[in-house]
Amino acid sequence: MKKVIVTGGMGFIGSHTAVELANKGYDPIIIDNLSNSSLSVLDGINKITNKNVTFEKFDLTDSIATEHCFQKHKDAIGVIHFAAYKAVGESVKLPNKYYKNNILSLINVLDSMYSNNIPNLIFSSSCTVYGQPDVLPVTESTPIKKANSPYGFTKQIGEQIINDFVNVNNEISAISLRYFNPIGAHDSCLIGELPNGIPNNLLPYITQTVYGIREKLHVFGGDYNTHDGTAIRDYIHVVDLAKAHVKSIERLEKKKNEANHEFFNLGTGIGYSVLDVINAFEKSTGRKVNYEIVAKRSGDVEAVYANTEIANKHLGWKAKLNIEDMTKSAWDWEEKLNSTKS
Ligand code: UD1
C-alpha cells in the first residue's frame, strides 16, 4: 500500500482525510503532537476504516524528530501538511506562537521531504489569503490582499515558501488547497470537530448552543450589504473537502499537474449568510437556534465564496453534500459527542 504522510492527521480536516485515503487504498501515516486533538480520534479513524493506522506523536517544529520520522517513512509518495494553529483571534494576541509553529513546521517538512526524496506536497491553505475580495466569486487568480491576522499571514507566507522551494527543487511538486469554510462531520459520528474551549467558528457554536452548553448564539453583524444583513461564507462539508485531498495527491502522483505549484479553491461555490445557515440547521434537525444579532466581529469580511471551476476541472472533483447535510451531520456529531461524555 502506498504511504501518505498526514501531518495534523488527528485534527478536524486531517482525520477525515486519513479516512478517505484509507478508503482509497492508501496507507496514511499520521503525525500529530495532540496539541489541539485527542488520541480518541485515532480510535474513530481505526473503527471507520477497520485498519490500524500508524500514528507518530511528535512536534514538527523539532527538525531532528521530523527528519527521523520522514527517514523511517521515506517510501511515502507524498505529504499532506495540515499541522498548524488556526485560531484567528489568538493569532492576533500571540503572533509569534503562530509564526514559530506554522512556519517552522512547514520548513522542517520541506527539508525532510527533500532529504528523503518524497516528491509530492499538499498544503492546507485558506480563503483568508484573499481578504475581502473586490469581485465575487473568488477565482484562484483573485489578487492576494494584505492578511488581516498573523494566522492568515502564515498561510500567505506558507504558499510563498513553497513557491520558492519548488522553484529550485524541481523534483518536488506541490498543491496549495484554499479552503473556504469546512463544517459537518463523518456520517458514522466517530470523528468530527473537537473545538477547544469556547468555539470561535459558527457551526460548533450553533450545535453547542442548541445542546444547551452555550446560552445563545451571537450573530456578528446584521447590517452587512447582503440579502439579510448577515455575512456570507462558502460552507463545505468536511468529507467533500477530504476527498479533494485524495484527488490532489493522485494528481501529483500521476504527474498530471501543469505547474510545480498549483492552487485550488475548495468550496461549493454557493454563499450562505449566517441566517441562512441557522435556517438550514433548523430545517434539517427540527431544533430551534436561540440567537441574537450583535455587533460585527472585528476582522470579519462581509462576503466571500468560491469559483470552483478550476478545482472541478483539474481535480475531477465537485462538492456533493448540501448545506442541510452539513448542518445535520454537525448536529448528529454534537449529540454523539455529548452522549459518550456522560
Ligand atoms: C475564519 C477565518 C478563516 C479560518 C477559519 C478557521 C477569517 C476572515 N477567516 O473563518 O481564515 O480558516 O476561521 O478557523 O478570519 N459567526 C457568528 N457567530 C459566531 C461565530 C461566527 O455570527 O459565534 C459568523 C462570523 O461572523 C462569520 C461566519 O459566522 O460571518 C463564519 O465564521 P467562522 O466560522 O468563525 O469562520 P470565518 O470567520 O469565516
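All ligand and atom numbering here is 1-based and tracks the order in the structure. Count residues from 1 along the sequence.
The number of heavy-atom neighbours closer than 6.0 Å to NZ of K74, taken from other residues, nucleotides and ligands shown, is above 12. Annotation: Y26, atom OH; neighbour count of heavy atoms from other residues, nucleotides and ligands within 6.0 Å is above 12. Shown here is N170, whose CG atom has more than 12 heavy atoms of other residues, nucleotides or ligands within 6.0 Å. Annotation for Y291: atom OH does not count as buried by contact number, only 12 or fewer foreign heavy atoms lying within 6.0 Å.
The protein heavy-atom contact nearest to atom 15 (O) of ligand 1 is V88 CG2, 3.4 Å. With respect to atom 7 (C) of ligand 1, the closest heavy atom belonging to the protein is T128 OG1, 4.1 Å. For atom 24 (C) of ligand 1, the closest heavy atom belonging to the protein is V274 CG2, 3.8 Å. Taking atom 22 (O) of ligand 1 as the reference point, the nearest protein heavy-atom neighbour is F220 N, 2.9 Å. Residue, atom and distance of the protein heavy atom nearest to atom 20 (C) of ligand 1 are N200 O, 3.4 Å. In terms of protein heavy atoms, atom 37 (P) of ligand 1 is closest to N181 ND2, 3.6 Å. The single protein non-hydrogen atom nearest to atom 30 (O) of ligand 1 is A231 CB, 3.3 Å, given as residue, atom name and distance. Annotation: atom 12 (O) of ligand 1 to nearest protein heavy atom, Y151 OH, 2.9 Å.
A salt bridge does not link K256 with E250: none of the charged nitrogens is closer than 4.0 Å to a carboxylate oxygen.
To the nearest 0.5 angstrom, I191 atom CD1 is 5.5 Å from I45 atom CD1. From C127, atom SG reaches atom CG of N265 across 8.5 Å, with rounding to the nearest 0.5 Å.
At a heavy-atom cutoff of 4.0 Å, ligand 1 is contacted by the backbone of H218 but not by its side chain. Proximity of N201 to ligand 1, defined as any heavy-atom pair under 4.0 Å, is shared by backbone and side chain alike. Contacts of L202 with ligand 1, taken as heavy-atom pairs under 4.0 Å, involve both backbone and side chain. Only the side chain of Y235 comes within 4.0 Å of ligand 1, counting heavy atoms alone; its backbone N, CA, C and O stay farther away. Residue L203 does not touch ligand 1, judged by heavy-atom distances below 4.0 Å. Neither the backbone nor the side chain of Y179 comes within 4.0 Å of ligand 1, counting heavy atoms alone. At a heavy-atom distance under 4.0 Å, no atom of V277 approaches ligand 1.
Close contacts of ligand 1 with D300, meaning ligand atoms under 4.0 Å from a residue heavy atom, involve 25 (C), 26 (O), 38 (O). Atoms of ligand 1 lying under 4.0 Å from at least one heavy atom of S126, given by number and element, are 11 (O), 12 (O). Within ligand 1, the atoms closer than 4.0 Å to a non-hydrogen atom of V219 are 22 (O), numbered from 1 in the order shown.
Contact analysis leaves S149 out of contact with ligand 1, as no non-hydrogen atom separation drops below 4.0 angstrom.
With R233, R214, K86, R297 as candidates, the residue nearest to atom 35 (O) of ligand 1 on a non-hydrogen basis is R297.
The side chain to side chain donor-acceptor pair (under 3.5 Å) test with T207 singles out one residue from R287, E334, R214, E193, and that residue is E334. Among the candidates I48, L21, N46, V19, the single residue satisfying the side-chain contact (heavy atoms from CB on, under 4.5 Å) test with V53 is N46. Of the options E67, Q71, H73, a side chain to side chain donor-acceptor pair (under 3.5 Å) to N116 is made by E67 and by none of the others.
Annotation: side chain of E302 is in contact with side chain of T226 (closest heavy-atom distance under 4.5 Å).
Annotation: cation-pi geometry not satisfied between K145 and Y130 (NZ/CZ under 6.0 angstrom from ring centroid, within 45° of ring axis).
Taking the centre of each ring, Y235 and Y272 stay at or above the 6.0 Å mark.
Residue Y205 has no nitrogen or oxygen atom sitting less than 3.5 Å from a nitrogen or oxygen atom of ligand 1, judged on distance alone.
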